[in-house]
Number of protein chains: 4
Amino acid sequence: MHLTLDLDSETPIYQQIRDRIVEAIADGELEAGADLPSTRQLGVDLAINFHTVSKAYDLLRREGIIRINRKSGAVVRPDVKQPSGDAGTDTDWKRRARTMLAEADVRGLPKADVLEFVRTTLFGFPDQGGDPGER
Amino acid sequence: MHLTLDLDSETPIYQQIRDRIVEAIADGELEAGADLPSTRQLGVDLAINFHTVSKAYDLLRREGIIRINRKSGAVVRPDVKQPSGDAGTDTDWKRRARTMLAEADVRGLPKADVLEFVRTTLFGFPDQGGDPGER
Amino acid sequence: MHLTLDLDSETPIYQQIRDRIVEAIADGELEAGADLPSTRQLGVDLAINFHTVSKAYDLLRREGIIRINRKSGAVVRPDVKQPSGDAGTDTDWKRRARTMLAEADVRGLPKADVLEFVRTTLFGFPDQGGDPGER
Amino acid sequence: MHLTLDLDSETPIYQQIRDRIVEAIADGELEAGADLPSTRQLGVDLAINFHTVSKAYDLLRREGIIRINRKSGAVVRPDVKQPSGDAGTDTDWKRRARTMLAEADVRGLPKADVLEFVRTTLFGFPDQGGDPGER
DNA sequence: GTGGTCTAGACCACT
DNA sequence: GTGGTCTAGACCACT
């Protein structure tokens, strides 16, 4: 697993690691049940302190995305990507997504471009009926 | 202007106020150039301290979304919703949006539902041409 | 007199007008005792409200840089550019200048470049002994 | 770390704290990566409320000069004093510096004295080669 | 009448 | 032990 970090970003490193792992799971790079590298190993790979990796893993654990076992290390939860049945999760995500879409609009990003970006990110290819990506 | 706050949320109240105002601008409820209520007035309306409102306004000001004048109060910037010409803004937004879409997937929200939610939020009505996930 | 404003800047317009006038006086474009355009005329020239120009003039008046006479309009004070004999003025300027030089250093601007910029701005040409402006 | 404040100044205390810390970093008194005192401790030292210190730290954080960690406190960013690669930063600094140099001139500070002050502040000793204003 | 600043104290998470 | 948040109240300039 390779993660790209931006050490100069305002976003804390442990948060970036958490975000990149969530993206790796969504992309299928990390499957449900898969082992994560040990905190020490990932720390070496990323040239950062393993405590920072631990913080990221702890965050993912508290979010219910991974499981941590002292002996066998961290694994992606087998039931990840499955609807939680908790309506609160969806409601919370939608509220945050609504804010993010509003930000795009307020920043002047055209709505059509935003929708196309979302479609491409989700499904990996642009809409076939007129391709805004080539404008 | 009416804003709904969740006092029990983990999200700070000042951040919620900021988010709700961004959404109100995106929705057209607050137009470019429109007056915002005074910090003390909004504090009374929301039954919170005016300092908390002030913090939200300060955030919006620093983000370039509103202007604050000591005498005449706060207004939505006239040039809001216009592209900044700053590529960094778009890049940053897209990075955050990518993480948010990954979260939806990891939480088990179907991709087609996510796209439909985005389309409806942006354009106010669902797609008329069937399931976009299967094109 | 031509002033260039940045309407999108975070700096208030009246402050920008004030700054540009101070620079025009320093550059000799506006001499001691010279008439300033009327607030209405400058407002038309800059395509802004004349009240904003009035605010800038009022600021300059309070700073002791111009005089405002209801009948004859605004003029650059005849004694501008002359030492005030008030040690506080120098001390205050030096404190602010020290902070600004510290900011350049903290931002990573090379000290030699900063000195060269100051020299060129003050005297209109670079140092003759090695020209950092051509690196 | 000792900071001198002027409680009677028009400049807000939190801004003065911010300015003095920037100067301390430029002077090398505070090195990249160094710990800052806790907000409460510095508040006690300066005999002011810790909220005021907190506001100064928040300003420095948003400027990218320090990092704040809820657990371990505030530290000078390790990459401070390194060019940001953001041309906007330099342009903005130069615009502000130009205004400040114009102010010195308008106030009657001799240009040669201003240049000498800048040189001494930057390099710690005056020019050895005579009057730069006459080269 | 408006926002800005500062003080003071409380409670909170651990980011 | 640290910073973050929120409340409450005072005084200030007019930016």
Side-chain angles (χ1 to χ4, degrees), chain A residues 10-19 51-52 54-60 62-63, chain B residues 5 7-18 35-44 46-61 66-75, chain C residues 10-19 51-52 54-60 62-63, chain D residues 5 7-18 35-44 46-61 66-75:
Chain A
E10 233 181 87
T11 308
I13 304 296
Y14 74 86
Q15 181 72 43
Q16 291 186 48
I17 297 173
R18 178 265 177 204
D19 291 347
H51 285 118
T52 306
S54 287
K55 265 194 204 169
Y57 281 17
D58 193 49
L59 196 55
L60 288 160
R62 279 184 278 141
E63 292 183 285
Chain B
L5 300 180
L7 298 178
D8 295 328
S9 166
E10 278 183 23
T11 307
I13 296 174
Y14 71 86
Q15 181 72 43
Q16 292 185 48
I17 296 173
R18 179 265 177 204
D35 288 326
L36 276 76
S38 77
T39 51
R40 278 154 174 95
Q41 183 57 50
L42 190 53
V44 169
L46 298 173
I48 57 171
N49 195 280
F50 80 92
H51 285 117
T52 305
V53 179
S54 199
K55 197 162 179 178
Y57 281 16
D58 194 46
L59 213 51
L60 289 161
R61 181 187 60 75
I66 69 172
R67 285 209 180 117
I68 298 177
N69 185 298
R70 279 171 117 116
K71 214 157 156 183
S72 54
V75 297
Chain C
E10 232 182 88
T11 308
I13 304 295
Y14 73 87
Q15 181 73 44
Q16 291 186 47
I17 297 173
R18 178 266 178 201
D19 290 348
H51 285 119
T52 307
S54 288
K55 265 194 203 168
Y57 281 16
D58 193 48
L59 195 55
L60 288 160
R62 279 184 278 141
E63 293 183 285
Chain D
L5 300 180
L7 299 179
D8 296 328
S9 166
E10 276 184 26
T11 308
I13 295 174
Y14 71 86
Q15 181 71 44
Q16 291 185 50
I17 296 173
R18 178 267 178 203
D35 288 326
L36 275 78
S38 77
T39 51
R40 278 154 174 95
Q41 183 57 50
L42 189 53
V44 170
L46 298 174
I48 57 170
N49 195 280
F50 81 92
H51 284 117
T52 306
V53 179
S54 199
K55 196 162 180 179
Y57 280 18
D58 193 46
L59 212 52
L60 289 160
R61 181 187 61 73
I66 70 172
R67 284 208 180 117
I68 298 177
N69 186 299
R70 278 172 118 115
K71 211 156 155 185
S72 55
V75 298

Between P on E/dT5 and CD1 on D/Ile48, what's the gap in Å once rounded to a whole number? 14 Å
Between E/dG4 atom C1' and B/Arg61 atom CZ, what is the distance in whole Å? 11 Å
Those residues at least two apart in sequence (or on a different chain) that pass side chain to side chain donor-acceptor pair (under 3.5 Å) with B/Asn49 are B/His51
D/Thr52 side chain near E/dT5 phosphate (N/O to OP1/OP2, under 4.0 Å): no
To the nearest angstrom, how far is B/Asp8 atom CG from F/dC6 atom P? 13 Å
Does B/Asp58 have any salt bridge (Lys or Arg N to Asp or Glu O under 4.0 Å) partners at least two apart in sequence or in another chain, and if so, which? B/Arg61, B/Arg62
Round to a whole Å and report the spacing from CG of B/Asn49 to C1' of E/dT5. 14 Å
Contacts of type side-chain contact (heavy atoms from CB on, under 4.5 Å), residue D/Ala74, not counting sequence neighbours: D/Leu36, D/Tyr57, D/Ile66, D/Ile68
Would you say the side chain of D/His51 and the base of E/dG9 hold a donor-acceptor pair, judged only by whether the two atoms sit under 3.5 Å apart? yes
Which whole-number value in Å describes the distance from D/Leu42 CG to E/dC6 P? 14 Å
Intra- and inter-strand pairing of DNA chain F, written as dot-bracket with Watson-Crick and G-U pairs under 3.5 Å and | for the latter, reads ||||||||||||||.
Applying side chain to side chain donor-acceptor pair (under 3.5 Å), can you list everything that pairs with D/Arg40, at least two apart in sequence or on another chain? none
Atom pair CG (B/Leu42) and CG (B/Leu46), whose distance is rounded to the nearest 0.5 Å: 4.0 Å
Could you tell me the separation between the CG atom of D/Leu60 and the CD1 atom of D/Ile17, rounded to the nearest 0.5 Å? 9.5 Å
Test side chain to side chain contact (heavy atoms under 4.5 Å, CB included) applied to A/Leu59 and A/Gln15, step by step: CA-CA 8 Å; A/Leu59 196 55; A/Gln15 181 72 43; 3.8 Å; yes
Below the 4.0 Å mark, does F/dG3 have OP1 or OP2 next to a side-chain nitrogen or oxygen of D/Thr39? yes
Dump every N/O contact between nucleotides 11-15 of chain F and the protein below 3.5 Å, one line per pair.
from	atom 1	to	atom 2	distance (Å)
F/dT15	O4'	C/Tyr14	OH	2.9

Residues in side-chain contact (heavy atoms from CB on, under 4.5 Å) with D/Ser9, at least two apart? D/Asp6, D/Thr11, D/Gln16
Walking DNA chain E from its 5' end, the first of B/Ser72 and D/Ala47 to be reached, judged by nearest nucleotide, is B/Ser72
Roughly how many Å is it from CZ in B/Arg67 to C1' in E/dG3, rounded to a whole number? 17 Å
Residue list, side-chain contact (heavy atoms from CB on, under 4.5 Å) with D/Asn69, at least two apart or on another chain: A/Lys55, D/Lys71, D/Ser72
